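Written out below as structure tokens is the structure these notes cover.
Owing to the predicted nature of the structure, the values given are computational and were not obtained by experimental measurement. When reading the values below, keep in mind they use all heavy atoms of this one structure, side chains included, and skip hydrogens, waters and symmetry mates. Just so we're on the same page: letters track the sequence lines, and every chain starts at 1.
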Amino acid sequence: MADTGIIIISHVYEIAEGINRLIQEVAGDVSIKVVGGLSKSEIGTSFDSILEAINENQADNLLAFYDLGSAKMNLEMAKEMSDKSITIYDVPLVEGSYTAAALLQAGVSKDDIEQQLKEIQIAK
Amino acid sequence: MNVETGIRWMELFNEKVQAEKDYLTQLDTPIGDSDHGNNMSRGMTHVIEAIEAQKPDSLEELLKLITTNLLSKVGGASGPLYGSAFMGMLKAQKEDNIPWSAVIKSGLESIQKRGKAEAFDKTMIDVWIPVVEALENNQLTDAVIDQAVESTKPLKAKKGRASYVGERSIGHIDPGAYSSGLLFHAMLEAEAE
């Protein structure tokens with residue numbers, strides 16, 4: 001599943017980095033890029049840095065996870081501007097990205113991963 | 001609307017945003033994340049700098065410049081929403097002889113596509129919808145805009161950061177509605193000059 005990677009968007013630098021540390025434990029071989037905050041100290045999400053992370057991710061198929069609503073809007077705009085295939089999931093950020101990362105590492109198919117993610121879907 | 005009026009529109013919008021930056025943040029404090037004033041101020045500063053540097057000579061060029069700057073520089077939810085608004089306007093403006101009301105309407109549709117808000121969700125579109133209606137009937141006035149902004153006050157937020165506080169959002173003007181009000185007041189002023 002080397003062609004499928006993960007992208008994680010949070011409003012806060014430490015949240016994104018923390019989740020990355022968490023999922024690296026179970027998914028060392030998965031291509032993961034995280035974007036947190038406008039900078040290390042500024043809270044927010046930026047369309048430019050999301051697009052950059054999408055381009056920097058080695059994988060062409062990306063499973064995308066985010067924290068709050070405005071992150072999703074920036075993510076959707078970046079998705080429209082990118083040639084990569086990106087799927088955005090309305091799931092809790094930690095649980096969702098952890099699930100996807102662990103399953104990708106285990107070689108599970110995207111369809112099966114989506115099935116699992118569906119079970120933890122929330123209104124976001 | 002031509003490019004000269006469009007530039008004047010942005011200059012006036014910028015003046016209003018800078019003058020009311022603290023008030024925008026104040027509106028965003030009880031029901032949001034207190035960043036709307038700073039975000040809009042930063043975004044509009046970049047728009048004005050870009051206009052001065054690039055000197056757009058068509059309305060399309062101007063709208064494109066506004067779109068990219070708002071999208072990249074505003075941050076928060078307002079960046080993609082205002083960016084989408086001007087992107088929608090740019091798309092419509094490319095058609096021949098399209099009336100200005102249809103251009104603004106395309107901006108509104110673009111915001112709705114991005115933010116998925118409906119009327120009365122207590123968002124910026126509660127200003128954009130009545131503004132488009134009034135423009136179509138040639139009846140847009142400052143009073144129409146003010147009334148639309150004020151109408152967000154009793155609403156309970158169903159979209160955006162304010163929706164997290166639910167009932168507590170009632171009784172506050174929506175900050176995005178207020179900044180949209182500034183945008184349309186600036187438009188009327190620019191057109192009247």
Side-chain angles (χ1 to χ4, degrees), chain A residues 7-16 33-56 62 64-84 86-94 96 121-124, chain B residues 25 28-29 31-43 46 64 66-88 90-91 110-117 121-125 157-166 169 174-176:
Chain A
I7 180 157
I8 290 169
I9 317 296
S10 169
H11 277 67
V12 186
Y13 175 78
E14 288 87 350
I15 293 181
K33 288 280 172 210
V34 302
V35 188
L38 292 175
S39 66
K40 278 191 179 183
S41 56
E42 269 182 298
I43 290 175
T45 63
S46 124
F47 163 78
D48 289 341
S49 35
I50 294 174
L51 194 56
E52 205 178 292
I54 289 172
N55 292 332
E56 279 175 5
L62 295 175
F65 301 91
Y66 66 95
D67 54 5
L68 300 173
S70 49
K72 184 181 187 182
M73 278 191 261
N74 273 316
L75 193 50
E76 281 175 338
M77 293 212 83
K79 174 184 166 172
E80 284 166 27
M81 305 279 172
S82 166
D83 295 331
K84 295 195 179 185
I86 301 166
T87 316
I88 302 169
Y89 297 97
D90 296 336
V91 293
L93 179 57
V94 177
Q121 206 163 333
I122 52 170
K124 287 188 97 165
Chain B
T25 292
D28 198 25
T29 300
I31 61 171
D33 47 4
S34 317
D35 63 359
H36 196 54
N38 282 329
N39 286 349
M40 292 306 292
S41 156
R42 182 176 54 235
H46 281 278
K64 192 185 260 180
I66 300 168
T67 301
T68 32
N69 278 282
L70 293 181
L71 191 53
S72 298
K73 306 296 180 194
V74 175
S78 312
L81 289 170
Y82 273 103
S84 295
F86 281 91
M87 195 183 280
L90 172 64
K91 215 181 286 168
S110 203
I111 298 170
Q112 284 188 281
K113 187 181 154 235
R114 181 70 47 211
K116 317 273 186 317
D121 281 352
K122 196 182 184 94
T123 70
M124 65 196 291
I125 70 161
K158 298 204 183 76
K159 277 281 167 190
R161 199 62 71 84
S163 63
Y164 291 96
V165 296
S169 64
D174 177 68

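Rounding to the nearest 0.5 angstrom, the gap separating the CG atom in B/L71 from the CG atom in A/N74 is 7.0 Å. Here B/S78 contributes atom OG and A/M73 contributes atom CE; the two are 8.0 Å apart, rounded to the nearest 0.5 Å. One finds the CG atom of B/D33 at 7.0 Å from the OG atom of A/S70 (value rounded to the nearest 0.5 Å). Within the model, atoms CZ of A/F47 and CG of B/L70 stand 12.5 Å from one another, a figure rounded to the nearest 0.5 Å.
Nearest heavy-atom pair, A/G69 versus B/Y164, reported as atom, atom and distance to 0.1 Å: N-OH, 4.1 Å.
For A/D48, the part sitting under 4.5 Å from any heavy atom of chain B is the side chain, from C-beta outward, and nothing else. Contact annotation for A/L38: only side-chain heavy atoms (C-beta onward) come within less than 4.5 Å of a heavy atom of chain B.
Annotation: A/K124, atom NZ; neighbour count of heavy atoms from other residues, nucleotides and ligands within 6.0 Å is above 12. Few gaps surround NZ on A/K84; more than 12 heavy atoms of other groups in view lie less than 6.0 Å from it.
Classification of B/K116 and A/E76 as a salt-bridged pair holds, one side-chain N sitting under 4.0 Å from a carboxylate O.
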